[in-house]
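Since the structure comes first, as structure tokens, the remarks are kept for the end.
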There are 4 protein chains.
Amino acid sequence: MSPRRRDAEGTAAARAERRAELLGTAAEVFASQGYAATTIRQVADAAGILGGSLYYHFDSKESMADEILSTFLDDMWAAYDRVLDAGLGARETLEAIVVESFRSIDRHRPAVVIYQNESKHLSASERFHYLNDSHRRFEEMWIALLERGVAEGAFRADLDRTLVYRFVRDTVWVAANWYQRGGRLSAEDIAKQYLAMVLEGIQAT
Amino acid sequence: MSPRRRDAEGTAAARAERRAELLGTAAEVFASQGYAATTIRQVADAAGILGGSLYYHFDSKESMADEILSTFLDDMWAAYDRVLDAGLGARETLEAIVVESFRSIDRHRPAVVIYQNESKHLSASERFHYLNDSHRRFEEMWIALLERGVAEGAFRADLDRTLVYRFVRDTVWVAANWYQRGGRLSAEDIAKQYLAMVLEGIQAT
Amino acid sequence: MSPRRRDAEGTAAARAERRAELLGTAAEVFASQGYAATTIRQVADAAGILGGSLYYHFDSKESMADEILSTFLDDMWAAYDRVLDAGLGARETLEAIVVESFRSIDRHRPAVVIYQNESKHLSASERFHYLNDSHRRFEEMWIALLERGVAEGAFRADLDRTLVYRFVRDTVWVAANWYQRGGRLSAEDIAKQYLAMVLEGIQAT
Amino acid sequence: MSPRRRDAEGTAAARAERRAELLGTAAEVFASQGYAATTIRQVADAAGILGGSLYYHFDSKESMADEILSTFLDDMWAAYDRVLDAGLGARETLEAIVVESFRSIDRHRPAVVIYQNESKHLSASERFHYLNDSHRRFEEMWIALLERGVAEGAFRADLDRTLVYRFVRDTVWVAANWYQRGGRLSAEDIAKQYLAMVLEGIQAT
DNA sequence: TATGAATGAGCATTCATTCAT
DNA sequence: CATGAATGAATGCTCATTCAT
């Protein structure tokens, strides 16, 4: 590797790192104040630079949200796909999906919060149509999984399919609102307990 | 009753009715677009009047949100209090609380959506401190109920208390995002199925 | 006519009048400072209101320029069309067109200045494509007129057609840069002298 | 000449050459987009460097315009002065001035365009007062020339002096907007035809 | 009650300019 | 010589709010 090459990679990497750093800051502010209610100056303040300086790195406020959300979704779907391709039974698949979901929350908590709170509004714009696509794929995956589970005798057949889907979906993602990395319970701990509640219920047996 | 008196009451009642009508419209727009992303003009458009005219009825955008949320919370707590005062066992209390929650969603769907999406941000301002109070009371109620249930042998003892609380709380309220009055399932139907899921789990037995 | 009708017309007329008043102010500022170099606040200052208030009347800075230019062009082409439809000889037509051009300058001086200075840049945007259309029609009209004049024996045949077109076109419109209503010479006076120069030249005979 | 001296001259010359190159690029961009509407980045892009790098060569955007315009004006006045010092008759002087004007357009087309479009605005600033001086000198030269021509019996006496001045002045410079080096007609060809039109008129005799 | 014109603070974004490397 | 990250003032525009009618 020539020094020139190393230099070029060095600055490209530094640039990418700075972007990621700023996006992390932006994601946190968007998540805690809401995307619409957050001003670009608040993001810049949190990053320790001036408002205008953000535009050296990003085209617009929207493009920040775009990059935050698509990074999260790409990562999440990669994890989901690994699970779905593993050829597990319905129940094991559900467990693995829930675990991966909590791991996603662990890795991308602010992005998940933004996804939940803002995707309905953002997806109206062309640029965020992939949110709808992801949402549709998500629903199809869950419905198929739940039906397979009923067919395999793993899940109850007496519940409304759509209701169960929504129940599981919301139950998992909403946790992003209170989850804190490094808290009392790890993402895996929480996943285990959530699975116990979702699969077995909370009543004593 | 003098005609004068009747007139006064008539106009006072008419005024209150108009307020309620406008608040209903505002709540729907706030719920569907988000409070911060909604302009006062959009609310006025939806109501068929001009932006400035809303200020005859309300002091500010904030006061609309205030009235929407406090009306909902008052109504919900009245229902909760009736349940809590009925002297039921833990399990029956939980069932009744969940049913009342879905009835609240049925009666105040837009308000519930606003409550979920915006209360975290709104409660920072003095005027909305009652949101924090309500939240705290809510948590205390649920924790106490769950502990009583464990003590009574109705609920499992092997689950993290706080996790169960959050699980049940979120699970119920998030449904406001998709619930539609007059849909396939009534609020009571949904409550029954949610209770089945929460209490017994979704796995086949 | 009902009072209601009169009222509606009254306010509609008042609104149109205010728009025209503001557009006149904007046109003058755009003409004297240049469109790009003029801030919306400068226009507002000249109108005695605040920057934001202009947006009650107009969608954008661009839409002001649009309305200024299209009003001028519509008026000018109406006058041109009256001349072209009158069935005059080439020389008389040229004289009438030049006279109408100076009258247009008299009525729309700032708009003409904006047209000259900014149309090249503005016409890049879709919204201002009609500037290109007008330009093309203008060129066709002049070329046809000059050729007819040569055929009729009214104009010299030894000059480059395109050069003559540009000469006459520029010669007339550029006068908007210094013309002042109520100055020593009226628009018609100037037209007469310009025609003398263009037709007969400035050298002594 | 020591090697050291030659180096210094070499780099100084190289620097001057780079400046001139960059100024040529800047002039073209300013001319085609308008000075105010052109960003320093667009100039830099056109030059193949980054925005900040221009500041190694120039103090400011303004100083680029300054150098572009003053270079053009110095060159033009040098040519004019040669003509004026030649002791020609009024008519021959006018012809020579017009020819030199078109030669200036040929050599400095973008600068001429900038001069026409922006000098009115630029000359407000102290730094560009020489634009006013040039303008005044220009006017005096033309008025004197035209009066001499009338006195010598070369030019018509029945036309408004100021009008003729403006007519000739604008007519010549405006051509910079469409002139293209290497086009069908050379600068001298165009000058000849313009002189024919200005002196003899366009009507058949 | 409602209108419509205006306010004025604030927002996302742009851009000339600086400067350490 | 050039880069690239940052500055900070300014810009077009939005929007909650006011108020005379």
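In what follows, chains are A, B, ... by sequence order, proteins preceding strands, each numbered from 1. Treat the numbers as computed from the prediction; the structure is a model and nothing was measured.
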Give the rounded distance in Å between these two atoms: CZ of C:F58 and C1' of F:dT14.
17 Å
Compute both the distance and the angle, then confirm whether C:K61 meets the cation-pi test with C:Y35: under 6.0 Å from the six-membered ring centre, within 45 degrees of the axis.
yes
Just how far, in rounded Å, is P of E:dA5 from CD of C:E21?
12 Å
Closer than 4.0 Å, any side-chain N/O of A:R15 to the OP1 or OP2 of F:dA5?
yes
D:T38 near the nucleic acid: base, sugar-phosphate alone, or nothing, with a heavy-atom cut-off under 4.0 Å?
sugar-phosphate
Is a side-chain donor-acceptor pair under 3.5 Å present for D:Y56 with D:R18?
no
Whole angstrom is fine here: how far is it from CD in C:Q42 over to C1' in F:dT11?
11 Å
Rounded at 0.5 Å granularity, tell me how far CD in B:Q33 sits from NE2 in A:H121.
8.0 Å
Verify the contact: side-chain N or O of A:S53 to OP1 or OP2 of F:dA5, cut-off strictly under 4.0 Å; return yes or no.
no
Describe the nucleic acid contact of C:L50 in one word from base, sugar-phosphate, nothing, applying a heavy-atom distance below 4.0 Å.
base
Any donor-acceptor pair under 3.5 Å linking the side chain of D:S123 with the backbone of D:S119?
yes
Looking at B:R19 and B:E67, does any basic side-chain N land under 4.0 Å from a carboxylate oxygen?
yes
Quick note, B:I40 side chain, CB onward, closest among F:dT17, E:dA2, E:dT13 is F:dT17
If you pin A:E62 and D:K61 to their nearest nucleotides in DNA chain E, which one's is more 5'?
A:E62
Taking the side chain of A:T39 as its heavy atoms from C-beta onward, which of E:dC11, E:dT13, F:dC13 lies nearest to it?
E:dC11
Please report the distance, rounded to the nearest Å, between CG in A:D59 and C1' in E:dT13.
11 Å
Across every strand shown, the nucleotide meeting Watson-Crick or G-U wobble geometry with E:dA20 (both distances under 3.5 Å) is F:dT3
Output yes when at least one side-chain N/O atom of B:Y56 is less than 4.0 Å from OP1 or OP2 of E:dA2, else no.
no
Both A:G51 and C:A37 contact DNA chain F. Which one's nearest nucleotide lies toward the 5' end?
A:G51
C:Y35 OH to F:dT11 C1', in whole Å, measures 12 Å
Can you check the A:R19 CZ to F:dA6 P distance for me, whole Å?
13 Å
Does F:dA6 have its OP1 or OP2 closer than 4.0 Å to a side-chain nitrogen or oxygen of A:H57?
yes
d(CD, D:Q33; P, E:dT14) in whole Å
16 Å
Does a nitrogen or oxygen in the side chain of A:Y55 sit under 4.0 Å from OP1 or OP2 of E:dT14?
no
For A:R41 and E:dA9, what is the distance between atoms CZ and C1' respectively, to the nearest whole Å?
11 Å
